[in-house]
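Both backbone and side-chain heavy atoms feed into the values below; hydrogens, waters and symmetry mates do not.
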Amino acid sequence: AASDVYKRQDEVKAVEPDFIYTDHHIIPLDCELASIEILADATLVAYEVGSRELGHVLLERGVDMLETFEIEALLAID
């Protein structure tokens with residue numbers, strides 16, 4: 001989870017990940033993603049995103065990419 005990445009930044013940084021995947025449900029609402037130094041060097045991908053609204057919220061919070069099984073919902077025109 002993003003919060004685990006924050007707590008274990010040195011360990012994560014040691015493996016130099018290109019991508020960090022996390023279930024969006026486990027990103028704490030009070031977690032300031034921009035404060036997690038390692039995320040500046042890695043692409044944060046949130047998976048299981050089921051709606052456009054949620055996708056927009058996550059992207060605004062600093063998530064870089066979204067994964068979904070609901071592609072029609074994410075591509076739907078309002």
Open item on the list: If the condition is side-chain contact (heavy atoms from CB on, under 4.5 Å), which residues does E11 pass it with, not counting sequence neighbours?
Closed with: R8

Task: K13 and E37: CA distance, side-chain angles, deciding distance, salt bridge (Lys or Arg N to Asp or Glu O under 4.0 Å) verdict - done: CA-CA 9 Å; K13 193 171 189 162; E37 184 180 327; 3.2 Å; yes

Task: Approximate separation, where rounding is to 0.5 Å, of I27 CD1 and R61 CZ - done: 6.0 Å

Open item on the list: Among residues at least two apart in sequence or on other chains, which ones pass side-chain contact (heavy atoms from CB on, under 4.5 Å) with I71?
Closed with: T68, L75

Task: Pairwise distance CD(E67) to OH(Y21) - rounded to 0.5 angstrom - done: 9.0 Å

TODO: Measure across A73 and G50 and return the closest heavy-atom pair with its distance rounded to 0.1 Å.
DONE: CB-O, 3.6 Å

Mind listing the side-chain donor-acceptor pairs of residues 40-47 below 3.5 Å, one per line with the distance, residues two or more places apart or on another chain?
none

Task: Contacts of D64 that satisfy side-chain hydrogen bond (donor to acceptor under 3.5 Å, both in side chains) - sequence neighbours left out - done: none

Task: same_hphob_cluster(V57, I26) at 4.5 Å side-chain heavy-atom cutoff - done: no

- [ ] Report yes if some heavy atom in the side chain of H24 is under 4.5 Å from a heavy atom in the side chain of L54; otherwise report no.
- [x] yes

Open item on the list: Looking at every heavy atom in both C31 and I36, which two are closest together, and how far apart are they?
Closed with: SG-CD1, 3.8 Å

